[in-house]
Amino acid sequence: MTIRYGASTDIGRVRETNEDSILHKPPVFAVADGMGGHRAGDVASQTALSILGTADVADAASLIRAVRAANSAVFERSRAEAGTEGMGTTLTALFAANSRLAVAHVGDSRAYLFRDAELNQITRDHTVVERLVEQGRISREEAERHPQRSYLERALGVDVRVEVDSEELEVAEGDRVMLCSDGLYGMLDVDDIATILAAEQDPQSAADRLCSAAVEAGGVDNVSVIVIDFGPSSVAVANPPTTSKVSRRRRVTKMAAVLVTFLGLLGVGQIALRGSWYVGESDGKVAVFRGIPGRVAGFELSHVEEVTDLQTDSLTDHDRRTVQEGIPVKGQEDAAVHIQRLRKLARTTLPAPERETLPTPTPTP
Ligand code: MG
């Protein structure tokens, strides 16, 4: 099996930094989407991929070990370096040395298999809304528009340990695997992505065109794409696959199922607390929270980090509603930018005229 690949990343139209990082060092490929204020996001994603890029990866087990080592490196760095505390990153990594692939994954970057003009997601997003979809509490369509769709349930580097999902799958000649950050699938729907993958034969052209299509569609986030093509081997294949399409599709098997363990409610809260920030309402005032809005089984999933003097009553109706729902932000600095905007649009109420301090009348019996 020969491998050809193309990779592309773009800052997009809105963000000031590209916090995504990509690694293409065959047989290892990876996409990481960092988070954290003040450039900490790119430190997180770069740190993770530098560990992965120098690790000795030879199979699924060593890929998972490398992902865990990347977790430790990001976590240790966030504790040692000022301004990076709470940083984290997604990581979707692929080991592709032969027809058997290994995927290791944490967060909401994705791996897809494009086969016979059909695009199928290999990884499962570790987001709060994905869990709500699986529990049947919201529909897939609602999830796509959900204001909290970017809240991660799991991320790399936010805790001393990390749960890593892993999959193994068999690829055949003509298969294409795509790794991407949410900046791609958040901007383009599956049909658009499949159309481009079908039209562009060259993997680099495919990666470039996918990236530019996501930017043209709005580019509200950083975009990263790696396209890996599997072609004919120069050595004759001793046992050509004879299985039917249906069973081949089912070969996307869960490996190391133990690792994909139930994530307790408390665990969700702790990870959310460390990794997520939002601007919300506290006692009628705009406040910065760490965690995610709401409570589960009596657990508050957030705590107030800072209360401003900005009254939610003074906001426009639209802003008040979004603040009450919670506006996801990347960290404290990003929160400050949002609050500044809210302030600008808030109804300016004139301060009450200064009153002269009158002597307190002595009560007469
Ligand atoms: Mg992103």
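A quick note: this is a predicted structure, and the numbers were derived from the prediction, not measured. Order of appearance sets the numbers: ligands from 1, and atoms from 1 within every ligand. Position 1 is the first residue of the sequence; numbering continues from there.
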- request: Name all residues meeting the side chain to side chain donor-acceptor pair (under 3.5 Å) criterion together with E144; count only those two or more places apart in sequence or in a different chain, and write none if there are none.
  value: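 Partners of E144 by the side chain to side chain donor-acceptor pair (under 3.5 Å) criterion come out as none, since no residue qualifies.
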
- prompt: For R13, which residues count as a side chain to side chain donor-acceptor pair (under 3.5 Å) partner, sequence neighbours excluded?
  reply: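 Expected list: none.
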
State whether [X] and [Y] are salt-bridged, where the test is any N-O pair (Lys NZ or Arg NE/NH1/NH2 against Asp/Glu carboxylate O) under 4.0 Å.
{"X": "R79", "Y": "E85", "value": "no"}
{"X": "R154", "Y": "D165", "value": "yes"}
{"X": "E167", "Y": "R124", "value": "no"}

message: So, using salt bridge (Lys or Arg N to Asp or Glu O under 4.0 Å) as the criterion, who are the partners of D202 when residues are at least two apart?
response: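 So D202 forms a salt bridge (Lys or Arg N to Asp or Glu O under 4.0 Å) with R4.
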
message: Distances under 2.8 Å only: what protein N/O/S atoms are near the Mg ion (ligand 1), ordered by chain and residue?
response: D33 OD2, D182 OD1, D221 OD2

